[in-house]
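Contents: one structure, followed by commentary.
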Amino acid sequence: MVETTSVEMSAAFGATLTIDLPALQRNYRSLQARLVGGAQCGAVVKADAYGLGALKTAPALYAAGCRDFFVATLNEALALRRCLPAETRIYILNGLLKGAESECAGHDLLPVLNTAGQIERWAAEARRRQRVLPAVVQFDTGMSRFGLSESEVIRLADEHATVRQTIDIRFVMSHLACADEASHKANLYQLARFRTLTSRFPGTRCSLPNSSGIFLGPDFHSDLARPGAALYGLNPIPGKPNPMSRVVTLTARVVQLREVNPGDHVGYGCTYTTRVQARLATVAIGYADGLLRSLGNQGAVYVDGQRLPIVGRISMDGMSVDFGPLCDRAPDDIECVEVIGPHQSVDDLAADAGTIGYEILTALGSRFQRTYIASDETGLRANRECRA
Ligand SMILES: *Cc1c(COP(=O)(O)O)cnc(C)c1O
């Protein structure tokens, strides 16, 4: 057995995903500790907390001190609202879609207002309710994606006295395009633009950095940081040692071992042909579990700390691994392989797949046995009660 499988494996599942909530909390606390000048650390839990389960991770983050949670959609926000205490602030990054105004206001959610139209509709909702509604306003500083353009920011600043009567702008925010490349000139350019635009809103708090942005230094910290990736253990400073704790472990069961001869083909399309006599393992994890097909003939798994190549294409429910170097181990001994763990990080796997760790995590499927490592301080119990 692989030493990483401290968790009991169920025979009902091909693979086990283990999420270490105390490690998640350590990551949150270390990011909060890195922030200077009274900046607060929020948490981005969109896309079901990058595939790790927002309803489990968010209460753990709350227990670690987090009060500001970011999701992408109203649907994600509503699910989170049911699982977090009322004092938490839940922000919807994708903005205020037409028709979402009433639910947003009714459930005490904060839309990130990205267009003049969204600001107008939120103001109209406030007038309907005869109260001031809170929101964040996003400025585009160089991504050309979400947020107000410079001329729209200037117009908003001119009208701020009027807007205030309906909208309480809790933060103005922007998002960095290249924070994971510390020396990229876009970083300082975006910071300068953000400062110029925010100077038109004296006294309004600002939110700028994602995970990597926190590591660009205090100039980038603003009043509220919005890390996602680093909380879940991805390396926010690629090319340098990862300062974060590992949160995810993924192990997959060996379901069959077979001897193959030179010239035998492996998998769909016969894209791999054995050159020597070899022992292949069929492992119960495939692209339906989120293991990207681009790992076929590219990636590897680990047993006993040894790197064993994935051979042939990844199928829907399984893949083949060359167990060649393990010939001295009794076959029945090896019950599972490490796909993500101490020997292979999410970032390592992503590099082999030709993608980024974000895509690996958010692709993690729903078929795994999901196990959460909890402690008295991870809020998991409260979460269970909330779901019941
Ligand atoms: C996803 C997202 C984040 C989090 O980014 P990470 O790189 O995962 O830390 C922060 N801000 C915005 C606007 C986002 O969309």
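Numbering of ligands and ligand atoms starts at 1, following listing order. What you see below is based on every heavy atom in this structure, not just the backbone, and it leaves out hydrogens, waters and symmetry mates. In this text, all values refer to a predicted model and were calculated from it rather than measured experimentally.
- Short contacts between ligand 1 and Tyr50, defined as distances under 4.0 Å to a heavy atom of the residue, involve ligand atoms 1 (C), 4 (C), 5 (O), 6 (P), 8 (O).
- Shown in contact with Lys46 at under 4.0 Å from a heavy atom are these atoms of ligand 1, numbered in order with element: 1 (C), 2 (C), 3 (C), 14 (C), 15 (O).
- Taking a cutoff of 4.0 Å between a charged side-chain nitrogen and a carboxylate oxygen, Arg193 and Glu150 qualify as a salt bridge.
- At a 4.0 Å cut-off, not a single heavy atom of Gln138 sits close enough to ligand 1 to count as contact.
- Using modelled atom types, one finds a donor on one side chain and an acceptor on the other under 3.5 Å when comparing His175 with Arg226.
- Using a 4.0 Å heavy-atom cutoff, Pro227 is listed among the residues neighbouring ligand 1.
- The contact set between ligand 1 and Tyr358, taken as ligand atoms under 4.0 Å from a residue heavy atom, comprises 6 (P), 7 (O), 8 (O).
- Counting all heavy atoms, side chain and backbone alike, Cys178 lies closest to Ala186 at SG-CB, 4.0 Å.
- Here CD1 of Ile360 is found 5.5 Å from CG of Leu295. Values are rounded to the nearest 0.5 Å.
- Checking each of Phe171, Tyr91, Tyr50 against Phe70 for a ring pair (Phe, Tyr, Trp, His ring centres under 6.0 Å) leaves exactly one that passes, namely Tyr91.
- Contact atoms of ligand 1 toward Ala229: 6 (P), 8 (O), 9 (O) (distance under 4.0 Å to a heavy atom of the residue).
- The parts of Arg226 lying near ligand 1 are both backbone and side chain, judged by heavy-atom distances below 4.0 Å.
- Atoms of ligand 1 lying under 4.0 Å from at least one heavy atom of Met173, given by number and element, are 13 (C).
- In terms of protein heavy-atom proximity, atom 5 (O) of ligand 1 is closest to Asn210 CB, 3.4 Å.
- Looking at Gly228 next to ligand 1, an N or O pair under 3.5 Å apart turns up.
- Protein heavy atom nearest atom 9 (O) of ligand 1, with residue, atom name and distance: Ser211 OG, 2.5 Å.
- The side-chain tip of Arg253 does not point at the ring of Phe13 from less than 6.0 angstrom away and within 45° of straight on.
- In this structure, Ser212 OG and Phe220 CZ are separated by 11.5 Å, a value rounded to the nearest 0.5 Å.
- A distance of 8.5 Å separates CG in Leu96 from OG1 in Thr115, rounded to the nearest 0.5 Å.
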